[in-house]
Amino acid sequence: MEPVRPSNFLEEIVADDTAAGTYGGRVLTRFPPEPNGYPHIGHAMSICLNFGLAQQFGGQTNLRYDDTNPETEREEYARALEDAVRWLGFDPAAVLYTSDYFERLYDWAVQLVKDGKAYVDSQDGEAIRAQRGTVTEPGTNSPFRDRPVEESLRLLDEMRRGLHPDGAHVLRAKIDMAHPNMKMRDPLMYRIRRGVPHYRRGLEWAIYPLYDWAHGQSDAIEGITHSLCTLEFDVNRPLYDWYLDAIGIAAPRNRQYEFARLNLDYTVTSKRKLLMLVNEGYVSGWDDPRMPTVAGMRRRGIRPEALKAFVEAVGVSKVNGRVDLALFEHAIRNDLNGLAPRALAVTRPLKLTLTNYSPNQTEVRNAPYWPHDVTPPEGAPLTRPLPFSGTLWIEQDDFALDPPKGWKRLSVGAEVRLRHAYVIRVDEAVTNGAGEVVEVKATVLSGTEAGGPDEGRKVKGVVHWVDALTAVPARFRLYDRLFAAAAPEDAGRDAATDAEAKAAFLGTLNPYSLTETSGYVEASLAFAAPDARFQFERLGFFGQDPVDSREDALVYNRIVTLKDGWAKRDASAETPTQGASKPAAAKPSSTAVSAADLLDGDAKARFEALVAAGAGREDAAVLAQDVPLAELFGAAQTAGGDAKTLGTLVAQDVRRLRSETVGAVFVPANLAHVANLLASRTISPAGARDVLASLASGGANVDAIVAEHGLSLVSNDDALAPAIADTLAAHPDEVARYRAGETKLLGFLTGQAVRRAGKGADARRLGELLREALASST
RNA sequence: UGCCCUGUAGCUCAAUUGGCAGAGCGCCUGACUCUGGAUCAGGAGGUUUCUGGUUCGAAUCCAGCCAGGGCAGCCA
């Protein structure tokens, strides 16, 4: 059963472009990391998205390093990023570097200066910042804004050759210092950074392009079609397009689309914060299995398949949300469930002595690696020998002196099955001076083994164990979430000082994120491949730590626990379920404010006049705030159009079409004509919208459009009757449900009838007829 | 309080573009089981943020409100 692949807005865009042949069917995306840190789960998402989207449409993806900042970038990071891509199973069409485009970028910059679209500003950073204005105030022009082209050209050349110190000059695009989008207020294109060697270009360049000046141009150079980035860059998109226009890249060209970044519960991806954890020793390194880095996840034992399935399950949208960790864990378990053989291990050993089993006796039985409901991978071994003797290790957690209600494990007097072996009856718990249980004594019930006469004996539960005589010692690293807070990034956001913010952030660390224990694994594990993953029954999925585990000193990482209904019951007793504790949402009291109430003097007057002229109040309020639209309404009314209908048409449909269709021009007489056709019910409301859309995209003759699209309203009962009959015949179930009282189905049935009757059908009349038909012929 | 983005189940996303509001995860119940796992069956959970408008019919179109997020690095 194929899971239904959720479609998303990006797939839709690419599908549309492919269908329309925008790029000749070509799809080329890019993964554009800056090599200034190790890849993390956020990068993984971007990789999956960019490569996955291209793959889906038969396209390809470039790996391109956005390496325009010599101060932070390193070859080491670049290699790690490429490793991550390949580990995830993707093959870049090319591995490229923005730093290889520096010459090209520079030539374009010179062209922009020559065209009067860029200039060298010789102010310092402080002055530039002060002149930028604020989000609510426009900026002011730099005194160097109109400096002669030749001078800018000369300075730019000198900057490039390293004749000026850092910060002495910058190159800026000449756009608009009063632009409401601050990114458009003469953004910087180049900065001087001459003492710092770039990891690939050395000291060849004394100036470096900024992100906006490099990114879109790099996309253009490579012929990228769809350039995906995270949401915060949406304000950069106008600049992206402005630069492409300025250097003369014509459509069809690369376009930028934004998606929401992935925020995972109990996880941070901030480079700064991850670095802090590493540098200050809160984790063992970038590849600490608790880290959300690709290296960490990999070391933990998570497979790329799980990561990809997770990203797929999360989907893409433009809503900044927070993904439940349970979804991630589900993906990991789901991946491993059919792949990891089952084995027995005990992480916190407690001695179990079987008093009626001879101490010298050992039996070995063949135990299945796979549960009955898992189909083993092709060629996988099906069983392994499992030794059993009179002294075993069991899990401390599996014995309770004072068992709570519903306990299905060991307690004095209880009968429990030892997995793959016998049912035992617990006789006695031996405690030490501190009252701690140090040994459990039990009786083997013979005949309860597989194949025995009493094999089917009903017991309360099943418990895992390891034979003490043959057990292999092992260390277990039991990982839990690194943070105790769901949104650790937010901690300390409002702190007064950096130190407080840091303390607040560190305070969200989970002190129990790593528990290391000593225990045992079953004998067969001594020969397991180091990279093999197992499910230790009832404990979780485990794999050997690739760094610390040795043949004679095994170290197992817990990749993920099993789902645990018992632990959950425990936890939910303390904290009431989310749903139940949800406070009766204090809804903001939204006093109904009509648009009309917000109008000021002039607009208020226009509003009154429009209402007096016959427009509806809502429509009049819209028109009153939009003078050209109000004038259009007036002109159309003068041309003889019905005022009420015209008001709606202009305030709603014309308003929308005007912004959707560039260069749409509406002739008042045409609008009047459409309004009257609608008012006289010669065309339907939907028909009127069609006509307006045609007019917006160049149509001129209303009657011709109506005729051509068959929009003339058909209200004649005889003409509508066949559609009714067909609909009733085609949907007997819905008809029955409707007659049984599910009256909301009238909408559905009307829709079906409208579809059958054709575009010009009078939906209102059709609905009436349908209702009658449904009521009568019971 | 300028411009931009976004509000659909607890979470993440769908809804054939105006016609029966669904899925996965999570949660609950039951069946099965030598894993308190898995699997299977069922269930709860929605005023589609809210208020108006248009329409035979609105999650979808129009207006406004409210809420969340982004933008004032010579970072990306």
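In the text below, chain A, chain B and the rest are named by the order of the sequence lines, each starting its count at 1.
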Next on the checklist: Please tell me if A:Arg132 has a side-chain N or O lying less than 4.0 Å from either OP1 or OP2 of B:C74.
Outcome noted: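 Yes, A:Arg132 has a side-chain N/O under 4.0 Å of OP1/OP2 on B:C74.
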Item to check | Short side-chain N/O contact to B:G68 OP1/OP2 from A:Arg322, under 4.0 Å | outcome: no
Name the nucleic acid region contacted by [X], choosing base, sugar-phosphate or nothing; use a 4.0 angstrom heavy-atom cut-off, strictly under.
X        : answer
A:Glu742 : nothing
A:Pro685 : sugar-phosphate
A:Ala331 : nothing
A:Ala326 : sugar-phosphate
A:Gly751 : base
A:Val135 : base
A:His420 : base
A:Ala686 : nothing
A:Ser317 : sugar-phosphate

Counting distance alone, no hydrogens or angles: does the base of [N] have a donor or acceptor under 3.5 Å from a partner atom on the side chain of [X]?
X        : N     : value
A:Asp324 : B:G24 : no
A:Gln535 : B:G37 : no
A:Arg737 : B:C20 : yes
A:Arg689 : B:G18 : yes
A:Arg419 : B:U35 : no

Next on the checklist: Is there a side-chain contact between A:Leu262 and A:Thr269 in this structure, where contact means two heavy atoms from C-beta onward sitting under 4.5 Å apart?
Outcome noted: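 No, too far: nothing below the 4.5 Å cut-off.
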Checklist entry - Under a 4.5 Å cut-off applied to non-hydrogen side-chain atoms, are A:Pro70 and A:Tyr208 in contact? => result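 Result yes, sub-4.5 Å side-chain heavy-atom pair found.
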Could you state the [atom1]-[atom2] distance from [X] to [N], rounded to the nearest angstrom?
X        : N     : atom1 : atom2 : value
A:Asn236 : B:C4  : CG    : P     : 15 Å
A:Leu262 : B:U12 : CG    : C1'   : 10 Å
A:Arg617 : B:U51 : CZ    : P     : 20 Å
A:His164 : B:C74 : NE2   : P     : 19 Å
A:Glu71  : B:C75 : CD    : P     : 7 Å
A:Arg409 : B:C34 : CZ    : P     : 19 Å
A:Asn320 : B:G69 : CG    : P     : 10 Å
A:Lys744 : B:C20 : NZ    : C1'   : 6 Å

Next on the checklist: Side chain of A:Val235, heavy atoms from C-beta onward: which of B:U35, B:C25, B:G70 has the nearest atom to it?
Outcome noted: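 In terms of side-chain proximity for A:Val235, the closest of B:U35, B:C25, B:G70 is B:G70.
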Checklist entry - Between B:U54, B:A63, B:C4, which nucleotide gets closest to the side-chain atoms of A:Asp234? => result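 Side chain of A:Asp234 sits closest to B:C4.
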Checklist entry - Just wondering, are more than 12 heavy atoms of other shown residues or ligands nearer than 6.0 Å to CZ in A:Arg756? => result yes
Next on the checklist: Need the glycosidic conformation of B:G73: syn if within 90° of 0, anti if not. Which one?
Outcome noted: syn
Checklist entry - Syn or anti: how is B:U6 classified when any glycosidic angle within 90° of 0 counts as syn? => result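 Here the answer is anti: the torsion falls beyond 90° from 0.
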Going by distance alone, is a donor N or O of one side chain under 3.5 Å from an acceptor N or O of the other, for [X] and [Y]?
X        : Y        : answer
A:Glu34  : A:Thr72  : yes
A:Glu537 : A:Gln535 : no
A:Glu455 : A:Thr448 : no

Next on the checklist: Between B:U39 and B:U49, how far apart are the two P atoms, rounded to whole Å?
Outcome noted: 33 Å
Base paired to [N] (Watson-Crick or G-U; both N/O distances under 3.5 angstrom):
N     : answer
B:U51 : B:A63
B:C56 : B:G19
B:U29 : B:A41
B:G24 : B:C11
B:G2  : B:C71

Next on the checklist: With nearest nucleotide decided by heavy atoms, which residue, A:Leu231 or A:Arg765, maps closer to the 5′ end of RNA chain B?
Outcome noted: A:Leu231
Could you go through residues 745-755 of chain A and list every donor-acceptor pair under 3.5 Å that involves a side-chain atom there, pairing it with any protein atom two or more places apart or in another chain?
residue  : atom : partner  : partner atom : Å
A:Thr750 : OG1  : A:Leu746 : O            : 2.6
A:Gln752 : OE1  : A:His731 : NE2          : 3.4

